[in-house]
Q: 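I'd like to ask you about the structure that follows.
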Protein chains: 2
Amino acid sequence: MSLDPHSGVPLHRQLAAALRARIAAGEWPAGGLLPPSARIGYDYGVGKATVQAAVTALRAEGVIDVERGVGIRVREPAERELVSVPRGAEIEARMPTPEERAELGIPEGVPVQVVTTGGRVRGVYPADRVKLRPR
Amino acid sequence: MSLDPHSGVPLHRQLAAALRARIAAGEWPAGGLLPPSARIGYDYGVGKATVQAAVTALRAEGVIDVERGVGIRVREPAERELVSVPRGAEIEARMPTPEERAELGIPEGVPVQVVTTGGRVRGVYPADRVKLRPR
DNA sequence: TGAAATTTGTACGTATGTATA
DNA sequence: ATATACATACGTACAAATTTC
C-alpha cells in the first residue's frame, strides 16, 4: 500500500502506479474525484512536488483530468464515433500540437489519428472520440 | 525572444512554446542536443523547476528525448512500417500503459494504435513506427 | 454581494543522487 | 577521479479558480 524509498523506483513513479492501480480497480468512479493532492501526499508520506509529478504523468496518460479549485477527476471514456477510411489511405497517430489541442478541444493525454490519401491530409481526429474502420 | 511574466501565460508554457518553435525552425538538428537545462534557465531568466516543467511537456509531446548525463535531444522521426488492416477491423489510438511502453520499447510521448476485429485485439503498434493501411 | 475555505497552479530555492563524458 | 548534466525530492510562498457560507 505504501511506498518504498529504497526500491530504486522513484517515489513519484511508485505513487503514479499506486493511483493508477486504485483507479483501475474502481476505487473512484469515472467522473469522480480523488482525494485532494495534499491529502494524497500526506497519506503516502511524500511532498507536494512528488504528488505533482505523479499527477502530471497520469494526465499525460489520459487517466485523469485536473480541475483547478475542484480536484483530480477520473476521466470518463468518451463516446466513439465510427469513421470510415477508404482503401489505400494511410493512418498515423501522434500527439497533437498545442494548436490542434486548442482548435479541436483535445484533452491532455489524447493522441490524434491522421488520415491521408496520396500524401494529402483527409482528416485529423481526436483519438478519444473516434474509431476508424477500413471500408 | 524572451518571456513575459505578465502575459498571463505561465512561464513554463511560454518556455515550452519558445523551444518548440526553435526546434521546428531547425535551430537544432534532429538527433542534436539543446543547450543544457541550466543554460536554458539562465538564458530565459527562469528557475530550474520551470525548465523542468517545459521539458516534461515537450517529452510528453514526443518532441524531445532526455538522456541523463547527456542532455536534451531533438527526437528523430523513426522509420514507419506499413501495416495492412483488413476491412471490418477497427482502429483506435491511445497512450500506452507503462507495461506496454516497457514491453514494446515505446518512448515517451508516443501513442499506440490498436487494431481489433470483432472485439478481439489483433495488434498493438507503436505509432511512431507504423502507418496503417486499409486493404 | 461578498468573504472565507478549499484546492490546484506557478515558481522559486536547496540539497542530494545518478548517469555520462 | 573530475566535471557535466539531468533526476529526485524536499520545502516555501503566493496566485487563481471554485465552492460554500
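Below, chains carry the letters A, B, ... as their sequence lines are ordered, and counting in each starts from 1.
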Q: Mind calculating the distance between CG (Leu3(A)) and C1' (dT8(D)) to the nearest angstrom?
A: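 Spelled out: CG on Leu3(A) to C1' on dT8(D) is 14 Å.
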Q: So Val46(B), base contact, sugar-phosphate only, or nothing? Heavy-atom distance under 4.0 Å.
A: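 Contact class for Val46(B): sugar-phosphate only.
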Q: Assuming nearest nucleotide by heavy-atom distance, tell me which of Gly71(B) and His12(A) is located more 5' along DNA chain D.
A: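 Final value for this comparison: Gly71(B).
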Q: Output the rounded distance in Å from CD1 (Ile72(A)) to C1' (dA17(D)).
A: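 Nearest whole value for this atom pair: 15 Å.
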Q: Any salt bridge linking Arg80(A) with Glu90(B)? Criterion: basic side-chain nitrogen under 4.0 Å from a carboxylate oxygen.
A: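 The answer is no: the pair does not qualify as a salt bridge.
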Q: To the nearest Å, give me how far apart CD1 (Ile64(B)) and C1' (dC6(D)) are.
A: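 About 12 Å, once rounded to whole Å.
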Q: Thinking salt bridges, do Arg20(A) and Glu61(A) make one under a 4.0 Å N-O criterion?
A: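 Here Arg20(A) pairs with Glu61(A) in a salt bridge, since their nearest N and O are under 4.0 Å apart.
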Q: Quick one: Gln14(B) CD to dG9(C) P, roughly how many Å, whole number?
A: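 To the nearest whole Å, that distance equals 18 Å.
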Q: Does Gln52(B) make a side-chain N or O approach to OP1 or OP2 of dA7(D) shorter than 4.0 Å?
A: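 Affirmative; the distance criterion is met.
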Q: Expressed in angstrom and rounded to an integer, what is the separation of Lys48(A) atom NZ from dT7(C) atom C1'?
A: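 Answer to the nearest Å: 9 Å.
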Q: Once you round it to whole Å, what is the distance between P of dT7(C) and CD1 of Ile40(A)?
A: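 After rounding, the gap between these two atoms is 11 Å.
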Q: On DNA chain D, does the nearest nucleotide to Arg13(A) precede the nearest nucleotide to Val70(A) from the 5' side, or the other way round? Give the residue.
A: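 Its nearest nucleotide lies further toward 5', so the answer is Arg13(A).
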Q: Return no unless some side-chain N or O of Thr50(A) is found under 4.0 Å from OP1 or OP2 of dA9(D).
A: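 For Thr50(A), the contact criterion (side-chain N or O under 4.0 Å from OP1 or OP2 of dA9(D)) is not met.
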Q: Search all heavy atoms of Pro86(A) against all heavy atoms of Thr117(A) and return the closest pair with its distance.
A: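 The answer is CG-CG2, 4.3 Å.
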Q: Does a nitrogen or oxygen in the side chain of Ser37(A) sit under 4.0 Å from OP1 or OP2 of dT8(C)?
A: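 Yes, Ser37(A) has a side-chain N/O under 4.0 Å of OP1/OP2 on dT8(C).
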Q: Side chains of Arg73(A) and Val66(A): closer than 4.5 Å at any heavy-atom pair?
A: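 Arg73(A) vs Val66(A): side chains apart.
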Q: Taking only side-chain N and O atoms of Arg39(B), does any of them lie within less than 4.0 angstrom of OP1 or OP2 on dC6(D)?
A: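 So the side-chain polar atoms of Arg39(B) never come under 4.0 Å of the phosphate oxygens OP1 or OP2 of dC6(D).
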Q: What is the separation between atom CG on Leu58(A) and atom P on dT8(C), rounded to the nearest whole Å?
A: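 Going from CG in Leu58(A) over to P in dT8(C) covers 14 Å.
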Q: Charged N to carboxylate O under 4.0 angstrom, Glu92(A) versus Arg133(B)?
A: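 So Glu92(A) does not pair with Arg133(B) through a salt bridge.
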Q: Between atom CG in Leu11(B) and atom P in dA15(D), what is the gap in whole Å?
A: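 Spelled out: CG on Leu11(B) to P on dA15(D) is 14 Å.
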Q: Nearest of dC12(C), dC6(D), dG9(C) to any side-chain atom of Arg68(B)?
A: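 For the Arg68(B) side chain, the nearest candidate turns out to be dC6(D).
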Q: Determine: side-chain N/O of Arg73(A) to OP1/OP2 of dT8(C), distance under 4.0 Å, yes or no.
A: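 Looking at the OP1 and OP2 atoms of dT8(C), neither is under 4.0 Å from any side-chain N or O of Arg73(A).
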